[in-house]
There are 2 protein chains.
Amino acid sequence: MDNVFKALADASRRRLLDLLRADNGQTLGRLCEHLDMTRQAATKHLKLLEEANLVVTIWRGREKLHYLNPVPIHEIADRWIGQFERHRLRALDDLKKALEEENDV
Amino acid sequence: MDNVFKALADASRRRLLDLLRADNGQTLGRLCEHLDMTRQAATKHLKLLEEANLVVTIWRGREKLHYLNPVPIHEIADRWIGQFERHRLRALDDLKKALEEENDV
DNA sequence: TTGACATGCAACCATTTGGATGCATAATTG
DNA sequence: CAATTATGCATCCAAATGGTTGCATGTCAA
């Protein structure tokens, strides 16, 4: 799961996921058209996304098609973020009380 | 939002959030007891978490209390992850079809 | 079969990151 | 007041990161 968080930490990589969400199955070349970096830099980002299993690739001839895999994001939402969502109102209340107490003292 | 993703990218920082979720309002010293690094290293992590607004601190005497702020995580879940969740089944279907086609050819 | 096209691989570079160490400051306590 | 405690600030360091450039490989098309 650390892989996934790390992969999501970079704006260019999130951009790539957005591009695939808009149009799934794009080649490297097409993805690069929307990015302000060399093809090789984009390749590195895509490699991290693949390693985090956020992107799955399929070779067709000399082209490499990139597909979004939504499963890891779903798992993070479900397992990790879910835990914070469950305690969300309590945490907000803790914070509110602490801030009030601060003003009193 | 980039701040938040970056802050979440490190396992030690996610650990700190977990510690606060378990027991909100801890001092720096108490948080350090659970971490395998120097106090100064932990301070740096907490600084990033504060800058991402994931943690709010309150001074009480010489102690600094750390509180979880659940809002940024909620926003990410809502705005960013939500977009992927909405297209999740379609993305899975795209991927499934692409993999099937690959086997045919 | 030759040339163009899509991608990969490797080396290199600057900056950021995660951590340590040493010293400084402010608050509490005996 | 002196000693202890809780934290901050600055510097240094190694490793990771994000990017570039140059060259290599495999595929398609004339």
Side-chain angles (χ1 to χ4, degrees), chain A residues 1-20 23-52 54-68 98 101-102 104-105, chain B residues 1-20 23-52 54-68 98 101-102 104-105:
Chain A
M1 205 179 59
D2 190 57
N3 276 347
V4 181
F5 275 109
K6 284 225 159 54
L8 295 181
D10 184 88
S12 300
R13 289 192 289 270
R14 292 197 302 276
R15 184 88 204 290
L16 283 165
L17 295 181
D18 284 337
L19 290 169
L20 291 180
D23 186 9
N24 216 350
Q26 294 186 63
T27 65
L28 171 59
R30 283 204 50 207
L31 288 169
C32 284
E33 290 171 16
H34 303 277
L35 298 178
D36 190 25
M37 63 179 71
T38 60
R39 176 179 55 83
Q40 288 80 353
T43 301
K44 285 194 186 177
H45 286 304
L46 287 166
K47 183 164 175 283
L48 291 197
L49 290 170
E50 269 195 80
E51 284 169 359
L54 284 159
V55 163
V56 175
T57 61
I58 292 174
W59 279 95
R60 192 166 59 195
R62 63 182 165 180
E63 288 184 328
K64 191 181 191 179
L65 306 182
H66 296 76
Y67 286 88
L68 198 61
E101 210 173 301
E102 189 192 30
D104 293 349
V105 180
Chain B
M1 203 177 64
D2 190 58
N3 276 346
V4 181
F5 275 110
K6 285 225 159 52
L8 295 180
D10 185 89
S12 300
R13 289 193 287 270
R14 292 198 302 276
R15 184 86 204 290
L16 282 165
L17 294 180
D18 284 338
L19 289 170
L20 291 180
D23 186 8
N24 217 348
Q26 293 186 64
T27 66
L28 171 60
R30 282 203 51 208
L31 288 169
C32 283
E33 290 171 16
H34 303 277
L35 298 177
D36 191 23
M37 63 180 72
T38 61
R39 176 178 55 83
Q40 288 80 352
T43 300
K44 284 194 186 177
H45 286 304
L46 287 166
K47 183 165 175 283
L48 291 196
L49 290 170
E50 267 194 80
E51 284 168 359
L54 285 159
V55 163
V56 175
T57 61
I58 292 175
W59 278 94
R60 194 165 60 195
R62 65 181 166 183
E63 287 184 328
K64 192 181 191 178
L65 306 183
H66 296 76
Y67 286 88
L68 199 60
E101 209 172 301
E102 189 192 29
D104 291 350
V105 180

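Values reported hereafter were calculated over all heavy atoms of this structure, with side chains retained and with hydrogens, waters and symmetry mates removed. A, B, ... follow the sequence lines: proteins, then strands. Residue 1 opens every chain.
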Have a look at B:Ala41 and say if it touches a base, only the backbone sugar-phosphate, or nothing, with a 4.0 Å heavy-atom cut-off. sugar-phosphate
Both A:Arg13 and B:Glu63 contact DNA chain D. Which one's nearest nucleotide lies toward the 5' end? B:Glu63
List the residues meeting side chain to side chain contact (heavy atoms under 4.5 Å, CB included) with [X], not counting sequence neighbours, and say none if there are none.
X	result
A:Asp36	none
B:Ala9	A:Ala9
B:Glu50	B:Val55, B:Thr57, B:Lys64
A:Val56	A:Asn53, A:Asn69, B:Leu95

[N] [atom2] sits how many Å from [X] [atom1], rounded?
X	N	atom1	atom2	result
B:Leu46	D:dT7	CG	C1'	12 Å
B:Asp10	D:dA15	CG	P	17 Å
A:Arg60	C:dC5	CZ	C1'	16 Å
B:Lys6	D:dT17	NZ	P	12 Å
B:Phe5	C:dT16	CZ	P	21 Å
B:Glu51	C:dT17	CD	C1'	13 Å
B:Trp59	C:dA26	CH2	C1'	8 Å
A:His66	C:dG8	NE2	C1'	12 Å

Give every residue pair that meets the salt bridge (Lys or Arg N to Asp or Glu O under 4.0 Å) criterion with at least one member in residues 5-16 of chain B, sequence neighbours excluded.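 Qualifying pairs: A:Asp2-B:Arg14, B:Asp2-B:Lys6.
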Please produce a list of atom pairs where a protein N or O lies less than 3.5 Å from an N or O of nucleotides 23-26 of chain D.
none

Any idea which heavy atoms bring B:Asn24 and B:Leu68 closest together, and the distance? OD1-N, 2.9 Å
Counterpart residues, salt bridge (Lys or Arg N to Asp or Glu O under 4.0 Å), relative to B:Glu51 (two or more places apart):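 Salt bridge (Lys or Arg N to Asp or Glu O under 4.0 Å) list for B:Glu51, sorted by chain: B:Lys47.
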Non-neighbouring partners of B:Arg62 that pass salt bridge (Lys or Arg N to Asp or Glu O under 4.0 Å), sequence neighbours left out: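 Here no residue qualifies.
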Identify, between A:Glu50 and A:Lys44, the residue whose nearest nucleotide on DNA chain C lies closer to the 5' end. A:Glu50
Between B:Arg30 and B:Asp23, does the side-chain contact (heavy atoms from CB on, under 4.5 Å) criterion hold? Intermediate values first, please. CA-CA 10 Å; B:Arg30 282 203 51 208; B:Asp23 186 8; 3.1 Å; yes
Of the candidate nucleotides C:dA20, C:dG8, D:dT7, which contains the atom at the shortest distance from the side chain of A:Lys64?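 Nearest nucleotide to the side chain: C:dG8.
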Between B:His45 and C:dT17, does any side-chain N or O lie under 4.0 Å from OP1 or OP2?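 So the side chain of B:His45 is outside the cut-off, no N or O lying under 4.0 Å from OP1 or OP2 of C:dT17.
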For DNA chain D, the residues among residues 24-38 of chain B that have a non-hydrogen atom under 4.0 Å from it: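 Hits under 4.0 Å, by residue number: B:Thr27, B:Leu28, B:Gly29.
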